[in-house]
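Note that ligands are numbered from 1 as they come in the structure, with each ligand's atoms numbered from 1 the same way. Heavy atoms only: backbone and side chains are in, while hydrogens, waters and symmetry mates are out. Positions are given from 1 along the sequence.
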Amino acid sequence: MEDRDRWSSRAAFVMASIGSAVGLGNVWRFPYMVYDNGGGAFLIPYFIALMTTGIPLLMIEFNIGIKMQKGPAFALDKIRRGAGFIGWFALLVSFVIVSYYSVVISWVWNYIYYSFTVAWTGHAKEFFFGHVLDVSGSIANTGGIVWPVFAGLLLTWVLIYFIIFKGLGVIGKVVSWTVPLPFILLFVLLIRGITLKGAVTGLNFYLDPDFSVLLNPRVWLAAYGQIFFSLSLGFGVMIAYASYMARHSDISGNAFVTALTNSGISFFAGFVVFSTLGYLAQALGQPVSEVAGSGVGLAFVIFPTAISRLPGGTVIHAIFALIFFVTLINLAINSAFSLVEAIVTGLKDIVSAKRETITFYVCLAGLTAGLIFCTRSGLYWLDIVDHWANNFGAIIVGLMEAVLIGWIYNPEEFRADINKYSDIHVGRWWTVCIKWITPIIIITSVNLSFYSELKSSYGGYPQWAVMTGGWLLIEILFILGIIINLRARNRRKA
Ligand code: PHE
């Protein structure tokens with residue numbers, strides 16, 4: 001019996017999985033998706049996406065890890081010889097994602113520092129783009145490194161290193177704090193939010209259903225995309241985490257708990273965001289649609305603006321700013337180190353070095369790759385790389401996993417396997433989802449976005465930038481995945 005590192009309990013594993021799933025995506029992506037895609041009506045496609053793809057695929061990833069007791073690439077290769085390249089590709093995409101996700105965490109560190117004086121008061125937008133990021137006029141002009149951002153990045157990587165270099169013991173302890181804490185802090189923000197003037201207008205805007213959008217395919221695609229990113233599916237993370245559970249572990253119960261908690265927190269975060277936006281809109285005398293924004297702008301411009309306009313003085317503002325940014329750090333750090341852990345787990349299968357050494361080099365490489373996002377044109381690169389890695393990275397991995405299990409492996413056998421030690425038995429619906437629904441929706445979605453990408457240059461960036469940061473990057477990762485897999489197999493044979 002090999003002595004594989006183990007989670008101290010089932011709860012530690014579930015907490016870590018929830019920690020990976022619950023991240024920045026829940027706070028700044030989900031609420032925006034809802035209001036942008038028909039308000040409350042979006043919850044219908046979202047829930048269907050969760051049930052037909054999210055949860056079934058999460059069960060696949062958990063089962064592959066638990067059954068094979070290997071990192072993502074070797075585990076997939078054991079399902080079908082040659083399929084390991086899917087895992088390597090997933091890990092390469094994870095590396096790219098964590099290299100910029102860690103830079104976003106660095107911005108949060110910077111904002112924690114500025115929170116003490118609420119330094120952005122009165123000019124939040126200019127403060128973020130001009131002062132904190134100091135963005136240059138064009139993507140071609142890198143303008144050197146922004147040192148405070150680099151300092152935050154270094155701090156982030158040192159933290160990631162110390163959380164994972166020793167293995168699961170420390171990770172289990174860390175998530176037992178960083179998963180519940182943001183939940184409590186969000187609750188504080190919720191109470192503040194819904195007791196503000198204008199909150200109801202914000203919430204109406206969030207949830208007011210427009211059922212006509214259900215006929216629009218883009219809305220359905222948005223729902224499926226959100227489920228993928230949010231559940232950390234197609235990155236190798238869930239396979240890696242599951243590979244540290246004992247062979248005879250529950251699968252479906254853990255998948256349901258992880259997925260439903262994640263969606264619950266997303267929904268909850270929407271109340272925090274929109275009650276506060278309602279207040280801001282009312283304070284500025286503008287409609288909610290004017291003040292609402294997404295992603296980067298929501299977390300670093302709009303929310304800070306709202307905080308600096310709360311009733312009370314600077315001390316109150318500083319306290320709420322700290323609560324907000326400490327929440328973000330807690331949400332994001334588990335997601336970031338889950339990606340690094342997946343890579344380390346994968347590499348441990350092919351390199352005989354110690355975990356500490358592998359972790360050190362992965363962190364160093366991540367820090368180095370992150371340098372480009374610390375430059376004055378870093379925000380532009382981040383935008384492009386994020387768009388491609390998410391639209392054509394993980395989702396393609398998910399498709400290949402579904403096809404592998406649904407068509408190449410025997411899905412009924414796999415389902416029996418899931419049910420063997422699970423509390424909840426999954427029925428034939430699971431097979432239908434994996435074999436038909438998931439591949440059909442993903443293929444349609446990828447084709448549609450591929451088409452719209454070719455039609456117009458993404459975000460108005462110059463063609464060469466989109467080519468290198470987008471298409472070329474994904475292609476190189478894909479080919480690298482295949483090459484690594486071939487070499488790794490020789491190594492395993494030897
Ligand atoms: N699921 C995380 C979020 O919602 C992001 C993430 C993606 C984490 C991929 C790990 C892997 O923010």
>> Check this for me: does any side-chain nitrogen of one of E341 and R355 sit under 4.0 Å from a carboxylate oxygen of the other?
In response: yes
> Taking NZ, NE, NH1 and NH2 as the nitrogens, is one of them in D423 or R10 under 4.0 Å from a carboxylate oxygen of the other?
Replying inline: yes
> Near ligand 1, which residues have a heavy atom under 4.0 Å away from one of its atoms?
Replying inline: S20, A21, G23, L24, G25, N26, Y101, F229, S230, S232, F235, S335, S338, L339
>> If you count every heavy atom of other residues, nucleotides or ligands that lies below 6.0 Å from Y458 atom OH, does the total exceed 12?
In response: yes
>> Are W157 and L154 packed together at the side-chain level, in the sense that at least one heavy-atom pair is separated by less than 4.5 angstrom?
In response: no
> Does a donor on one side chain sit under 3.5 Å from an acceptor on the other, for R247 and Q69?
Replying inline: no
> Got P56 and T438 here, is their nearest side-chain heavy-atom distance under 4.5 Å?
Replying inline: no
